[in-house]
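This report concerns only the one structure given below.
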Amino acid sequence: MKNLFNKLFFVAILLTLFNCSDDDSSTTPERGSAYMSVKLVDAPGDYEHVYVDVEDIMIKVNDDSEDDSGWISINAINPGIYDLLELTGGINVLLADDYEIPSGTLNQIRLILGTDNSVVIDGQTYPLNTPSAQQSGLKIKVNQPVLPNISYTFLLDFDVDASVVLAPDTSNINLKPVINASVEAETGVISGTIDNFDTLQSQVLIEATNGIETISTYANDLGEYVLVGLPSGTYTVTAYADSSLGFPDVIVTNVTVEVGQTTTLDPITFQ
């Protein structure tokens, strides 16, 4: 009898641990995809021209390590040589456009520069030495949360005056990039469910419009839908069931979308 009691006690402990493990899993952060764009801008500097050779943009997502593992290229769409002093007054160069990344935390951005960098002073062109950038690129700590289905634009502000280091003469001019990173979320999300989706047994089209833009999607097999990439504003959301079923459209008006936020609607019921 004693052995039986011990066995039952052991099983009870295992079941308790198993149930606790299940409860913990319910708090796992939501995962999905976010989208990022990168623009290069510049603070004015006291030079005629400062040319930088941009080769690539790399990132670390959900990885706060300081070693060289885990870097991902986001495939710079406009690599090339740019005069930083032209990237002022609202002018910028788009280096990445809506690149899909895992949601979570964007830890670092790395700007990869080539060797063709130069500065023009008093009409004379001098090469810019960039030893660190040539080897591994400039690391910029960001540690920015990125939410599923949200688009973000990261602005890399190249501080020319702090980045160009002059020697006593012009025989040795170094480029030690000083870049400030800022971020802005550009869009919001509308999400929701179809309450009686199981009884419909057909696709349901969900459409949101603000009078200028219209974005649509279909509910998934669980009756869930997510409308992404919505600029901030007020929307009308319409749900369309298969016309053969005879259900009238369901219209939800005055749905507010805020940048970087998810607006969750009450369940939609076809009647």
Side-chain angles (χ1 to χ4, degrees), residues 15-37 59 61-62 74 96-106 142-154 183-271:
L15 289 175
T16 301
L17 291 173
F18 180 78
N19 289 333
C20 288
S21 176
D22 280 351
D23 290 343
D24 290 342
S25 66
S26 65
T27 63
T28 301
E30 182 182 1
R31 292 299 183 191
S33 293
Y35 302 87
M36 68 176 292
S37 300
I59 61 171
V61 183
N62 301 321
I74 61 174
D97 188 16
D98 272 346
Y99 189 86
E100 184 175 350
I101 63 173
S103 62
T105 301
L106 177 63
V142 180
N143 293 324
Q144 169 68 40
V146 286
L147 302 177
N149 304 313
I150 300 294
S151 296
Y152 297 86
T153 294
F154 290 85
V183 60
E184 57 184 12
E186 292 188 317
T187 60
V189 175
I190 295 175
S191 69
T193 59
I194 308 301
D195 194 37
N196 56 339
F197 184 77
D198 290 342
T199 65
L200 300 177
Q201 297 183 349
S202 68
Q203 286 187 322
V204 175
L205 175 67
I206 312 294
E207 183 179 89
T209 181
N210 60 2
I212 301 173
E213 297 187 51
T214 299
I215 295 177
S216 61
T217 188
Y218 285 99
N220 64 16
D221 292 341
L222 299 176
E224 303 165 335
Y225 63 88
V226 179
L227 293 157
V228 304
L230 300 169
S232 62
T234 302
Y235 287 79
T236 297
V237 176
T238 306
Y240 304 90
D242 191 313
S243 58
S244 64
L245 299 176
F247 290 108
D249 304 335
V250 178
I251 301 174
V252 183
T253 59
N254 297 320
V255 178
T256 301
V257 172
E258 297 181 3
V259 167
Q261 303 294 321
T262 296
T263 301
T264 302
L265 301 183
D266 292 335
I268 290 174
T269 302
F270 286 94
Q271 298 178 344

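Positions are given from 1, in the same order as the sequence printed here.
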Q. What's the spacing between T187 OG1 and D98 CG if we round to 0.5 Å?
A. 8.0 Å
**Q.** Least distance between heavy atoms, V142 atom then F154 atom
**A.** CG1-CE2, 3.8 Å
(Q) Under the rule for side-chain hydrogen bond (donor to acceptor under 3.5 Å, both in side chains), what residues qualify as partners of N143, not counting sequence neighbours? (A) N107
Q. Who pairs with T209 by side-chain hydrogen bond (donor to acceptor under 3.5 Å, both in side chains), at least two apart in sequence or on another chain?
A. T214
Q) Is there a side-chain contact between Y152 and L106, using heavy atoms and a 4.5 Å cut-off? A) no
**Q.** Minimal non-hydrogen separation, P231 against E213, with atom names
**A.** CG-OE2, 3.3 Å
Which donor-acceptor pairs under 3.5 Å do the side chains of residues 218-228 make with protein atoms, sequence neighbours left out?
{"unit_1": "N220", "atom_1": "OD1", "unit_2": "L222", "atom_2": "N", "d": "2.9"}
{"unit_1": "N220", "atom_1": "OD1", "unit_2": "G223", "atom_2": "N", "d": "3.1"}
{"unit_1": "N220", "atom_1": "OD1", "unit_2": "E224", "atom_2": "N", "d": "2.9"}
{"unit_1": "N220", "atom_1": "ND2", "unit_2": "E224", "atom_2": "OE1", "d": "3.1"}

Under 3.5 Å donor-acceptor pairs involving side-chain atoms of residues 260-271, not counting sequence neighbours:
{"unit_1": "T263", "atom_1": "OG1", "unit_2": "T256", "atom_2": "O", "d": "2.7"}
{"unit_1": "T264", "atom_1": "OG1", "unit_2": "S191", "atom_2": "OG", "d": "3.3"}
{"unit_1": "T269", "atom_1": "OG1", "unit_2": "D195", "atom_2": "OD2", "d": "3.3"}

Q) What's the spacing between L245 CG and T199 OG1 if we round to 0.5 Å? A) 8.5 Å
(Q) Using the side chain to side chain contact (heavy atoms under 4.5 Å, CB included) criterion, which residues pair with T253? Sequence neighbours excluded. (A) T236, I251
Q | Test side chain to side chain contact (heavy atoms under 4.5 Å, CB included) applied to I74 and M36, step by step | A | CA-CA 9 Å; I74 61 174; M36 68 176 292; 4.1 Å; yes
Q | Nearest non-hydrogen partners of I59 and I101, listed with the distance | A | CD1-CG2, 3.6 Å
Compile the donor-acceptor pairs under 3.5 Å between side chains in residues 201-208 and protein atoms, sequence neighbours left out, one pair per line.
{"unit_1": "E207", "atom_1": "OE1", "unit_2": "Y240", "atom_2": "OH", "d": "3.3"}

(Q) Can a donor-acceptor pair be found, under 3.5 Å and without considering hydrogens, that links the side chain of S151 to the backbone of G229? (A) no
Q: Assess whether side chain to side chain contact (heavy atoms under 4.5 Å, CB included) is satisfied between S103 and L147, documenting all intermediate values.
A: CA-CA 5 Å; S103 62; L147 302 177; 5.9 Å; no
